[in-house]
2 protein chains.
Amino acid sequence: MMTMKDVAEKAGVSISTVSLVLNNHDAGRVKPQIAAKVRQMAEELGYKPNPMARSLRTSRTGILGFVSEQIQGIPYTSKALQGAQDATSRYGYIILLVDTDGSARQVEQTSTLQRYGVDGFLYSKPSSQVTEVPEELVHSPLVLISTNTVDNRFPIVEPNEFAIGYDATKRLIDSGAKKIAYIGNAKPTITQATRLEGYRRAFKEAGRTFDDRLVVNVGNNDPALEMVSRLFDEQHPDAFFCYDDSRTWYVYECAARRGLTIGKDLSVIGVGNLDFIVDTFTPKLTTIAIPEYEMGYWAACKLISLIEKRSLGPHPFPDELSNLPAIDAASPAKVHCRLIENESVISK
Amino acid sequence: MMTMKDVAEKAGVSISTVSLVLNNHDAGRVKPQIAAKVRQMAEELGYKPNPMARSLRTSRTGILGFVSEQIQGIPYTSKALQGAQDATSRYGYIILLVDTDGSARQVEQTSTLQRYGVDGFLYSKPSSQVTEVPEELVHSPLVLISTNTVDNRFPIVEPNEFAIGYDATKRLIDSGAKKIAYIGNAKPTITQATRLEGYRRAFKEAGRTFDDRLVVNVGNNDPALEMVSRLFDEQHPDAFFCYDDSRTWYVYECAARRGLTIGKDLSVIGVGNLDFIVDTFTPKLTTIAIPEYEMGYWAACKLISLIEKRSLGPHPFPDELSNLPAIDAASPAKVHCRLIENESVISK
DNA sequence: CTGAAAGCGCTAACAT
DNA sequence: ATGTTAGCGCTTTCAG
């Protein structure tokens, strides 16, 4: 590994000059020719700064801590992590990972991150429950991913559940469906309530009346399949909006048993990834995936803008994400996630 | 953050003494009482070493680089990452993440990791293809996860596909199934071949003759559902072993259309996570998940043992994993992954 | 047995 | 405009 010393010797200047130049602090301080030479030498030698040494002086590391609390075994956060990773590497940061089970070890692990001098935290918890932000995190810049918190102290990137419900329903309406059922979650989560709101709004805007016989909320221990079966037989819906992969599955199963073909006899839009997991789906099912990747990406951008105390500009996203809003704007409905700014109050 | 200086002052000794003691180099060098006092003070002050500063001297960081190449959007590695993370934090290491698309940026990102002074790499690529190990990685301790490589220079932790095929088939045989079909992959991957071997071996050991009419290999673009349908109607199998979630789905669909109930009329064991995704499965489906978590955990243990040049002992696993083999032993069939030692040849 | 001192690679205030 | 210098927190050799 080349050091500044090597560059300095090769360029025939002192280490401090090199430092000045390579950190772009040379404006009006170092003679342009010298600066150019230094830069060239650095390039030639393939010099890369040693982040450890740098952080020892500056206490800025270019490291972001990604803390995720996983529900046992469910790799919920993985796509958000990937998004965060992409954004992060784009801006020259890197991610230190802590995956915790929320136990006492979390504190320990988080403080480990702190010792490594992370510049800020991303905190992700796959829960629709309202939770508290771990105390250890609130002393650094922090952006939450998809976590409902009791206080509104930190920016949050979260799914736009209303938009999901609205969008799915509207698409079914636009496709010509007459009787659109909603297979929801019996547990009264915020997600459930908000999606249903979106569903109702789409109905309302289309001039249709809401019919609660078309809404079946099933739990995880209910005889769910039977409940959906009954809906089929009593209401004969021609379209379904499903809360998640499980619910989509029930509809699928019921349809198959009745010789009905999805995409022909029935339209189904489910939240989840079932069509992805079962990648050669015949017939066609439409799913709306929670935009985890985008949330991770966005959250990381927000965190970096917080750390560097500057706006990242209107287009911090790679091409595929270009339909995402600018980092500081409200999210349009067509993207199913949004940023809640919450002024970040860092208690030191 | 407390520093050694603080501890030294508080204990009334010099910094070097503190260093000696806290690194356990005090045997016969520091008076036991003094050592005790130092330790106590460190404890009281909550002193934690600064890894950055330490690595500046020792060039050991306690950081492991996790490099994963993702197929676009498939968060395949996430569980392996979680396993690695668990093992890693157990031994006081921490994971720096690089998630790459295999492009030119990979080199850049990997060298970023190198600058952060990672002690070693975990490399994971979700592919049954034979690939080369990225050149940038071979200069550090390296353990591969689930990656078939052209050369055998590095230790690999990989799924034991034979055991999966054998185990699934044997379980179906033991459950009393008469006609066990295999829905495989038309693409002739190593995975496919090895699983089929396991299937055949189980047949052989049970004294049954292999009947290739019961094997249907479907591709991703085939009229897969039709092919499985035909198998149903021509052979009337009473059990299925399925290559992955897609194939399991086909069986499920065909069964539903015929009014057959899995778990009653049919036994199905599929490789994958379908029963997990559709978490309230009715009726019961059995899946064998690729032990990604375990592979990650194991690989990290192996890597650490490589870095520290010591055996981690026979029980490096948490309780839930205690049925996994010792880090240096061959894997028994009951765990569906194995370690291939491959002497690690680090070219400096 | 303990402390002083050098130095890892880098930054930045201070001299020149 | 450039160089000198003093550390950041830690390890380790070498004197005492």
Side-chain angles (χ1 to χ4, degrees), chain A residues 1-39 41-42 45-63 92 111-119, chain B residues 1-39 41-42 45-63 92 111-119:
Chain A
M1 284 275 113
M2 290 294 146
T3 74
M4 273 199 174
K5 200 172 156 202
D6 298 314
V7 178
E9 278 170 11
K10 201 92 196 279
V13 294
S14 81
I15 296 184
S16 20
T17 307
V18 176
S19 174
L20 242 34
V21 172
L22 263 25
N23 287 305
N24 298 314
H25 292 322
D26 58 323
R29 322 247 282 102
V30 178
K31 219 178 296 187
Q33 319 162 18
I34 303 250
K37 183 160 189 188
V38 168
R39 269 183 253 272
M41 287 298 123
L45 293 174
Y47 167 79
K48 291 277 154 53
N50 177 331
M52 303 291 172
R54 171 180 286 172
S55 79
L56 207 51
R57 287 290 319 188
T58 60
S59 61
R60 280 212 39 232
T61 52
I63 300 179
S111 77
T112 302
L113 283 196
Q114 245 134 10
R115 281 163 38 220
Y116 277 91
V118 296
D119 294 336
Chain B
M1 287 274 109
M2 289 296 147
T3 72
M4 273 197 173
K5 199 173 157 200
D6 298 313
V7 178
E9 278 170 11
K10 201 91 197 277
V13 294
S14 79
I15 296 182
S16 7
T17 305
V18 175
S19 174
L20 243 33
V21 172
L22 263 27
N23 287 305
N24 298 315
H25 292 322
D26 58 323
R29 326 248 278 101
V30 178
K31 223 180 291 188
Q33 321 161 19
I34 304 248
K37 181 159 191 191
V38 168
R39 271 183 252 272
M41 286 298 124
L45 293 174
Y47 167 79
K48 290 277 150 60
N50 177 330
M52 304 290 173
R54 171 179 287 174
S55 77
L56 208 50
R57 288 288 315 188
T58 60
S59 60
R60 280 212 39 233
T61 51
I63 300 179
S111 77
T112 303
L113 283 195
Q114 244 135 12
R115 280 162 39 218
Y116 276 92
V118 297
D119 294 336

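Everything quoted here is computed from the prediction, not taken from an experiment.
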- Query: Can you find a side chain N or O atom of A:Y47 that sits less than 4.0 Å from OP1 or OP2 on C:dC10?
  - Reply: yes

- Message: As an exercise, state the distance from OH of A:Y116 to OG1 of A:T61, rounded to the nearest 0.5 Å.
- Response: 12.0 Å

- Return the value, rounded to whole Å, for the distance between atom CZ of B:R60 and atom P of D:dT12. 11 Å

- Is there a side-chain contact between B:M1 and A:R115, using heavy atoms and a 4.5 Å cut-off? yes

- Return the value, rounded to whole Å, for the distance between atom CD of B:E9 and atom C1' of D:dG9. 13 Å

- Where the side chain of A:H25 is concerned, which of C:dA12, C:dT2, D:dT2 is the nearest nucleotide? C:dA12

- Looking at A:S16, does any N or O in its side chain come under 4.0 Å of the phosphate oxygens OP1/OP2 on D:dG3? no

- Among the nucleotides C:dA12, C:dC10, D:dG9, which one has an atom lying closest to any side-chain atom of A:R54? C:dC10

- Please check if the side chain of A:R60 supplies one atom and the backbone of A:D119 the other of a donor-acceptor pair under 3.5 Å. no

- Map B:L56 and B:R29 onto DNA chain C by nearest heavy atom, then report which one ends up closer to the 5' terminus. B:R29

- Message: Looking at B:M52, is its backbone amide N or carbonyl O close enough to the side chain of B:N50 to form a donor-acceptor pair, meaning the two atoms are under 3.5 Å apart?
- Response: yes

- Query: How close or far is atom P of D:dT12 from atom CG of B:N24, stated in whole angstroms?
  - Reply: 13 Å

- With a 3.5 Å cut-off and just heavy-atom distances, do the side chain of A:R57 and the base of C:dG9 make a donor-acceptor pair? no

- Query: A:S19 near the nucleic acid: base, sugar-phosphate alone, or nothing, with a heavy-atom cut-off under 4.0 Å?
  - Reply: base

- Task: Give a yes/no on whether any side-chain N or O of B:T58 is located under 4.0 angstrom from OP1 or OP2 of D:dT11.
- Result: no

- Task: Return the 5'-most residue of the pair A:M4, B:L20 with respect to DNA chain C, ranking by each residue's nearest nucleotide.
- Result: B:L20

- Nearest-angstrom distance from the residue atom CG of A:L45 to P of C:dG9: 15 Å

- Query: For A:G28 and A:I15, take the nucleotide of DNA chain D holding the closest heavy atom to each; which residue's nucleotide lies nearer the 5' end?
  - Reply: A:G28

- pair B:N23-B:R54: side-chain heavy atoms closer than 4.5 Å: yes

- Message: Please report the distance, rounded to the nearest Å, between CG in A:N50 and C1' in C:dC10.
- Response: 8 Å

- Query: D:dT11 P sits how many Å from B:D26 CG, rounded?
  - Reply: 13 Å

- NA contact type, A:S14, heavy-atom cut-off 4.0 Å: base, sugar-phosphate, or nothing? base

- B:R115 CZ - C:dC8 C1' separation (whole Å): 17 Å

- Look at the side-chain N and O atoms of A:N23 and state whether any lies under 4.0 Å from the OP1 or OP2 oxygen of C:dT11. yes

- Message: What is the separation between atom CD1 on A:I34 and atom P on D:dA1, rounded to the nearest whole Å?
- Response: 11 Å

